[in-house]
Amino acid sequence: MTAAAPAKRAVVLLSGGLDSSTTLAMAVRRDGYEVSALSFRYGQRHTVELECAASIAQHFGAQHQVVDINISQWGASALTDERIDVPTDGTPDGVIPPTYVPGRNTVFIALGLSLAEAIDAECIYLGINAVDYSGYPDCRPEYLAAYQRLADLATRSGLEGRGARLVAPLVMMTKTDIVRAALELGVPIEQTWSCYQGGEEPCGVCDSCRIRDKALIEAGHGELASRQGRARLGL
């Protein structure tokens with residue numbers, strides 16, 4: 001009897017939001033990876049998203065772990081410092097909003113890279129997006145390309161030519177196309193959480209809610225938009 005080929009492994013950084021959940025679905029159902037999903041308790045304003053991440057990981061049969069790393073200690077972001085208001089009126093073009101968390105993706109990818117090397121994973125999947133996003137500098141293709149060069153230099157597996165590839169399948173997709181992909185891949189969108197605020201239900205007015213609700217409506221699934229978002233848009 002021929003021995004079974006070893007499973008292809010990938011790490012997915014999973015926040016519990018729509019984008020990272022769709023990315024997880026792509027890794028599992030489209031690309032056929034055995035996934036280790038990695039989430040972070042980093043001192044964010046709420047942990048609703050971590051509960052959603054656990055639910056999404058279970059839905060797709062992925063291993064899931066949460067890493068504690070408190071980068072909220074120095075504040076400087078509306079997502080980690082309750083003294084800073086989460087904007088509800090949108091953000092002007094070219095302005096990095098106060099919801100940007102200094103160095104967050106750089107720290108998270110570094111930890112994902114460590115896990116990937118430890119378990120011999122081929123890829124690290126990231127849900128970053130440079131089209132319908134909030135102006136974060138660490139969500140751009142040029143950032144990703146620079147980090148890949150660093151990863152190849154910084155790890156033993158990279159030096160041996162078998163380092164993990166950083167994969168960002170959503171990076172140039174519109175949010176509406178991400179919604180469509182999520183639906184095609186069976187993502188339970190109602191179990192994801194993208195709102196910057198905590199609470200019983202999404203606020204419907206923060207940047208993340210506004211972008212998400214608009215995309216859901218454009219994709220023909222306004223029933224999945226937040227209650228406040230539907231009211232704001234007259235639905």
Side-chain angles (χ1 to χ4, degrees), residues 7-28 33-82 99-129 136-139 143-144 146-148 150-158 163-171 187 191-198 208:
K8 299 192 305 178
R9 292 177 177 161
V11 171
V12 176
L13 303 190
L14 180 66
S15 71
L18 173 61
D19 290 358
S20 67
S21 297
T22 304
T23 300
L24 172 59
M26 288 178 169
V28 172
Y33 280 102
E34 179 182 289
V35 164
S36 291
L38 192 59
S39 302
F40 301 94
R41 186 180 292 106
Y42 62 93
Q44 58 265 59
R45 186 180 283 260
H46 65 81
T47 57
V48 180
E49 60 186 6
L50 294 179
E51 298 169 13
C52 292
S55 177
I56 294 296
Q58 182 178 36
H59 180 83
F60 288 104
Q63 297 177 359
H64 182 234
Q65 56 187 303
V66 179
V67 173
D68 289 286
I69 176 168
N70 188 8
I71 58 176
S72 70
Q73 297 175 76
W74 33 85
S77 170
L79 298 191
T80 59
D81 188 340
E82 294 191 358
T99 50
Y100 164 69
V101 181
R104 180 176 61 177
N105 281 351
T106 301
V107 172
F108 290 177
I109 297 172
L111 290 167
L113 189 64
S114 177
L115 174 60
E117 187 166 32
I119 66 174
D120 199 24
E122 295 180 8
C123 304
I124 303 170
Y125 279 74
L126 317 167
I128 64 174
N129 179 262
Y136 299 157
D138 51 4
C139 288
Y143 165 83
L144 189 66
Y147 211 124
Q148 183 69 70
L150 170 65
D152 291 340
L153 289 171
T155 60
R156 179 175 64 187
S157 57
R165 291 182 296 109
L166 303 182
V167 180
L170 313 184
V171 69
V187 175
Q191 294 180 30
T192 67
W193 184 276
S194 301
C195 182
Y196 290 146
Q197 307 274 14
S208 186

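Side chains included, hydrogens not; waters and symmetry mates left out as well; all remaining heavy atoms used. Each residue takes its place number in the sequence, starting with 1. Note that the structure is a prediction, hence the values are computed from the model and not measured.
- Of the residues listed (V28, V11, T23), the one engaging V35 in a side-chain contact (heavy atoms from CB on, under 4.5 Å) is V28, and it is the only one.
- Annotation: side chain of Y136 is not in contact with side chain of I128 (no heavy-atom distance under 4.5 Å).
- If you take CG on L144 and CZ on R165, they are separated by 11.0 Å, rounding to the nearest 0.5 Å.
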Practice item. Check the pair Y125 / L24 against side chain to side chain contact (heavy atoms under 4.5 Å, CB included), numbers first and verdict last. Key: CA-CA 7 Å; Y125 279 74; L24 172 59; over 6 Å; no
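- For the residue pair S55 and Q191, the shortest heavy atom distance occurs at OG-OE1, 2.5 Å.
- Taking CD1 of I56 as the start and CD of E49 as the end, the distance is 12.5 Å to the nearest 0.5 Å.
- Between C139 and V171, the closest heavy-atom pair is O-CG2, 4.2 Å.
- In this structure, V187 and T22 approach most closely via the heavy-atom pair CG2-CA, 4.0 Å.
- To the nearest 0.5 Å, the span separating CD on Q44 from CG on N70 amounts to 9.5 Å.
- Looking at R9 and S36, their side chains never come closer than 4.5 Å, going by heavy atoms from C-beta outward.
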Check your understanding: What's the verdict on side chain to side chain contact (heavy atoms under 4.5 Å, CB included) for L170 and M26, showing C-alpha distance, side-chain angles and the deciding distance?
Key -> CA-CA 10 Å; L170 313 184; M26 288 178 169; 3.6 Å; yes
Practice item. Report the C-alpha distance between R45 and E82 in whole Å, list the side-chain angles of each, state the deciding distance to 0.1 Å, and finish with yes or no for side chain to side chain contact (heavy atoms under 4.5 Å, CB included). Key: CA-CA 7 Å; R45 186 180 283 260; E82 294 191 358; 4.1 Å; yes
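- I119 CD1 to E34 CD: the interatomic distance, rounded to the nearest 0.5 Å, is 8.0 Å.
- The structure places CG of L150 at 9.0 Å from OG1 of T155, a figure rounded to the nearest 0.5 Å.
- The heavy-atom pair separating S39 from H64 by the smallest distance is OG-NE2, 2.8 Å.
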For residues 105-116, run the donor-acceptor check on the side chains, cut-off 3.5 Å, and write out each pair with its distance to 0.1 Å, sequence neighbours left out.
| unit_1 | atom_1 | unit_2 | atom_2 | d |
| --- | --- | --- | --- | --- |
| N105 | ND2 | D138 | O | 2.9 |
| T106 | OG1 | Y143 | OH | 3.0 |

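- Across all their heavy atoms, V48 and G198 have their closest contact at CG2-CA, 4.5 Å.
- By the 4.5 Å heavy-atom criterion applied to side chains, S20 and L13 are not counted as neighbours.
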Exercise for review: Starting from the C-alpha separation in whole Å, work towards a yes-or-no answer on side-chain hydrogen bond (donor to acceptor under 3.5 Å, both in side chains) for S194 and S208.
Suggested key: CA-CA 6 Å; S194 301; S208 186; 4.6 Å; no
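- Separating the CD atom in Q148 from the CG atom in L153 is a distance of 10.0 Å, to the nearest 0.5 Å.
- Under the 4.5 Å side-chain criterion, counting only non-hydrogen atoms from C-beta, F60 is not in contact with S21.
- Under the 4.5 Å side-chain criterion, counting only non-hydrogen atoms from C-beta, Y33 is in contact with E122.
- With contacts defined as side-chain heavy-atom distances shorter than 4.5 Å, the pair R104/F40 does not qualify.
- Residue S77 comes nearest to V101 through the heavy atom pair OG-CG2, 3.3 Å, listed as atom of the first residue, atom of the second, then distance.
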